[in-house]
Amino acid sequence: MTEQWDVVVVGGGNAGFSAAQSARQQGAWVLLLEKAPRQWAGGNSYFTAGAMRTSHGGLTDLTSLVEPLPADRAGRVDLAPYTDADFLADLTRVTQGRTDPELARILVGESRETMTWLRSLGLRFELMFHRQAYEVDGRYRFWGGLAVGVVGGGKGMIDQHLAAADRSGIEVRFDSPVTGLATAADGSVGGVMLADGQRIEADGVVLTSGGFEANPQMRAGYLGAGWDLALVRGTPYNTGEGIRMALAAGAQPYGHWSGCHAVAWDSQARATGDRELTNQLTRGGYPFGIVVNAEGRRFVDEGADFRNYTYAKYGAEILKQPAGVAYQLFDATSAPLLRPEEYASAGITRVESDTVEGLAKELGMDEGRLAETVERFNAAVVPGRFDPTVKDGCRTEGITPPKSNWAQPLTTPPYVAFPVTCGITFTFGGLRIDADARVLDLSGRPVPGLYAAGELVGGLFWFNYPGGSGLTAGSVLGRRAGRSAAADTH
Ligand SMILES: Cc1cc2nc3c(=O)[nH]c(=O)nc-3n(C[C@H](O)[C@H](O)[C@H](O)COP(=O)(O)OP(=O)(O)OC[C@H]3O[C@@H](n4cnc5c(N)ncnc54)[C@H](O)[C@@H]3O)c2cc1C
């Protein structure tokens, strides 16, 4: 017997749970089909830090959203408002002006209310002191437009989503890879096909099955030569079928198909994500040190901007280097600024020496070259007042590439190096949707019955990405997709 549902959601990450909840709130009966087994629940969303970028009115506004502040910190927090205009300006700047204006307006304009909505479903939020604030002059100063995270990070988020789905009466089915869309002769979508040949009928189908980052063939094909060699930071299950089945049904490809989010990642990490360490294999402290390639040469401006605005594009720069590796270097002055979760917990690849030459030797690098790079860097540092919470203008002069902020000489042993490679997070290219999250065809008309949200939507992110926007985008557009799909039910 063929099963019949009001709405079927394909993919159980944050976007999928958001879409399912939204459809359910409209009264629809919702089935969420997840390819992975239960022990791999949550897709990439599980691997996240749970950081969610939202516009907000400052500390007073966020107090109503987050858990009570720790008693020893209340009254010592500096957290300026982050307005819609700020969020939009950051998104526009890092995407080099290419972000889809309508999707961007929706993401930004609905970010804050969507956080309140998620909270009403049972998600719990906190201020991310551990990632997004430094203590300066006795005050906790938040920086980089990002302040709120889910309690428990990505792991907590998926636990909370699963519990909320259960409360709402959403059926979640694991081990259920969707292999195709059931389309009628008029092109409308009326359900999905499963790997075992079963057909499930639905009035509305919402695709939230992620990008193609875990598919080496598609990576090499769309991102370019060498991308098949990148390590995958998250789930091995995001292999692009959702995108492909939609394209086969006539959907329009959209966005930056040769672009992706990729970061500095522990060079010894496994080929796809580690459920225990999740995002701890990221190495995001480079603004406080220098980064060299295997030849001992610097190749990026480590302090071009706050980490939140450079980390997602620097993975690609590492992949371009000889052997696709690089080394982040710090000394005893800068190392204390590194987050212990990323730089001092088990499973982290690290080399230490009392001299720069010794470090080079340990790394199998030309000792003279690395020493020369560090000496030239140190000599180029212009004295200034170091402050990790602002773009402090502590910079270099006369070297290429420059370091534009947070430049301090590396002179205090011990020196430490962290070998990194390119870890891909998610792909930017995907499907074109309209403001109601309806998937559009090649003529720009909605494919009846088909909706999409999350990573597999194209058009929002190009070249780069403002940290914490992926989860918010998944929830904002997932909420719209679920609402639209439910409106289709008859
Ligand atoms: C290590 C790491 C850290 C990150 N940190 C952050 C952060 O702190 N903040 C932030 O905003 N973003 C972060 N991101 C990015 C973030 O993960 C994504 O933007 C977001 O999770 C995408 O959500 P999604 O629901 O679209 O996809 P996912 O969460 O990946 O869910 C897609 C689901 O679809 C399933 N699926 C795939 N194919 C099929 C199929 N054929 N049939 C059925 N199901 C299928 C997959 O198994 C998966 O469960 C991070 C990513 C990684 C990897």
Side-chain angles (χ1 to χ4, degrees), residues 8-20 32-38 40-54 107 111 128 131-132 146 148-150 153-154 157-158 161 172-181 192-195 205-215 231-246 260-263 265 269 272-275 277-282 284 308 311-312 342 423-428 430 452-457 460-461 465-475 477-478 481:
V8 162
V9 176
V10 181
N14 175 60
F17 283 110
S18 299
L32 189 152
L33 295 168
E34 168 53 51
K35 173 183 175 182
R38 194 182 172 96
W40 278 85
N44 267 353
S45 304
Y46 173 91
F47 289 84
T48 69
M52 294 187 75
R53 183 170 291 255
T54 174
L107 164 61
S111 59
M128 287 189 301
R131 298 182 69 87
Q132 290 300 141
L146 185 55
V148 179
V150 180
M157 168 180 250
I158 294 307
H161 265 314
V172 179
R173 218 174 273 174
F174 292 97
D175 290 305
S176 301
V178 171
T179 53
L181 297 170
V192 296
M193 306 301 299
L194 297 186
V205 172
V206 185
L207 293 175
T208 51
S209 47
F212 58 84
E213 58 274 0
N215 182 329
L231 301 182
V232 176
R233 299 177 69 208
T235 179
Y237 293 98
N238 286 0
T239 42
E241 301 93 278
I243 294 177
R244 289 213 277 223
M245 64 182 83
C260 68
H261 181 305
V263 309
W265 191 243
T272 57
D274 180 318
R275 292 279 288 185
L277 295 176
T278 61
N279 58 76
Q280 289 181 41
L281 294 160
T282 308
N308 296 346
Y311 78 117
E342 281 179 21
I424 184 169
T425 318
F426 67 94
T427 43
F428 289 159
E455 269 180 11
L456 87 177
V457 167
L460 265 175
F461 308 123
Y465 157 101
S469 306
L471 291 173
T472 310
S475 287
L477 293 170

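Whatever order the structure lists them in is the order used to number ligands and atoms, beginning at 1.
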Side chain or backbone of L33 under 4.0 Å from ligand 1, or both, or neither, by non-hydrogen atoms? backbone
Distance under 4.0 Å to a non-hydrogen atom of G234: what atoms of ligand 1 satisfy this? 53 (C)
Only residue of N14, N44, T208 satisfying side chain to side chain donor-acceptor pair (under 3.5 Å) with E455 is N44
Here the pair of heavy atoms bringing G454 nearest to A15 is CA-CB, 3.6 Å
Heavy atom to atom 18 (C) of ligand 1, shortest distance: which of E241, M245, E455, R244 holds it? E455
Taking all atoms of both residues into account, what is the closest heavy-atom pair of A214 and P236, and its distance? CB-O, 3.5 Å
Could you check whether R233 makes a cation-pi contact with F47, meaning its NZ or CZ is under 6.0 Å from the centre of the six-membered ring and within 45° of the ring axis? no
If hydrogens are left out, which of A195, S45, P37, G273 has an atom nearest to atom 23 (O) of ligand 1, that is, the closest non-hydrogen atom? S45
Where is the nearest protein heavy atom to atom 9 (N) of ligand 1: which residue, which atom, and how far? A51 O, 2.8 Å
One finds that the ligand 1 atoms under 4.0 Å from a non-hydrogen atom of T425 are 50 (C), 51 (C), 52 (C), 53 (C)
Please determine whether side chain to side chain contact (heavy atoms under 4.5 Å, CB included) holds for the pair V10 and E241, giving the CA-CA distance in whole Å, both sets of side-chain angles, and the decisive distance to 0.1 Å. CA-CA 10 Å; V10 181; E241 301 93 278; over 6 Å; no
Verdict with reasoning, L107 to L477, per side chain to side chain contact (heavy atoms under 4.5 Å, CB included): CA-CA 7 Å; L107 164 61; L477 293 170; over 6 Å; no
Please answer whether the main-chain N or O of F174 pairs with a side-chain N or O of S176 as donor and acceptor at a distance below 3.5 Å. yes
Minimum-distance protein heavy atom relative to atom 42 (N) of ligand 1: V178 N, 3.0 Å
Under 4.0 Å from ligand 1, counting heavy atoms only, is it the side chain of S469, its backbone, both or neither? backbone
How are the rings of Y465 and F428 set relative to one another: parallel (under 30°), tilted (30 to 60°) or perpendicular (over 60°)? parallel
Just to be sure I'm reading this right: ignoring hydrogens, which of L456, L194, V150, T48 gets closest to atom 16 (C) of ligand 1? Compare them by their nearest heavy atoms. T48
Between A269 and L281 the two heavy atoms that sit nearest each other are CB-CD1, 4.1 Å
Given E34, K35, M52, which one has a non-hydrogen atom that is nearest to atom 45 (C) of ligand 1? K35
Distance filter under 4.0 Å to Y237 heavy atoms, resulting ligand 1 atoms: 37 (C), 38 (N), 47 (O)
Looking only at protein heavy atoms, which one is nearest to atom 2 (C) of ligand 1, and what is the separation? F47 O, 3.6 Å
Yes or no: does G474 have any heavy atom under 4.0 Å from an atom of ligand 1? no
Donor-acceptor pair, side chain of E34 and main chain of A41, under 3.5 angstrom: no
Please identify which atoms of ligand 1 are closer than 4.0 Å to at least one heavy atom of G470. 11 (O), 19 (O)
Would V150 and H161 count as a side chain to side chain contact (heavy atoms under 4.5 Å, CB included) if you check the C-alpha gap in whole Å, the side-chain angles of each, and the deciding distance to 0.1 Å? CA-CA 11 Å; V150 180; H161 265 314; over 6 Å; no
I'd like to check which ligand 1 atoms, numbered from 1 as shown, lie under 4.0 Å from a non-hydrogen atom of G468. 9 (N), 10 (C), 11 (O)
Atoms of ligand 1 close to P177 [distance to a heavy atom under 4.0 angstrom, numbered from 1]: 42 (N)
Looking at every non-hydrogen atom in both residues, tell me the closest pair between A481 and A452 and how far apart they are. CB-O, 4.0 Å
Atom indices of ligand 1, in the order listed, that fall short of 4.0 Å to a heavy atom of Y465: 10 (C), 11 (O), 12 (N)
protein heavy-atom neighbour closest to atom 46 (C) of ligand 1 works out as N238 OD1, 3.2 Å
Would N44 count as a polar contact of ligand 1, with the cut-off being nitrogen or oxygen pairs under 3.5 Å? yes
Qualifying residue, where the test is side chain to side chain donor-acceptor pair (under 3.5 Å) with T239 and the options are R244, E213, K35: K35
When you measure from atom 24 (P) of ligand 1 to every protein heavy atom, which one gives the shortest distance, and what is it? A15 CB, 4.0 Å
V10 heavy atoms within 4.0 Å reach ligand 1 at atoms 42 (N), 43 (C)
So does F212 get a backbone contact from the side chain of T427, meaning a donor-acceptor N/O pair under 3.5 Å? yes
Please state which protein non-hydrogen atom is closest to atom 32 (C) of ligand 1 and give its distance, to 0.1 Å? T208 O, 3.4 Å
Taking a cutoff of less than 4.0 Å between a non-hydrogen atom of the residue and any ligand atom, is G478 in contact with ligand 1? no
Answer yes or no: is there a donor N or O on one side and an acceptor on the other, between the side chain of T272 and the main chain of V232, under 3.5 Å? no
For atom 11 (O) of ligand 1, closest protein heavy-atom neighbour: L471 N, 2.8 Å
Could you tell me the residue and atom name of the protein heavy atom closest to atom 37 (C) of ligand 1, and the distance to it rounded to 0.1 Å? S209 O, 3.2 Å
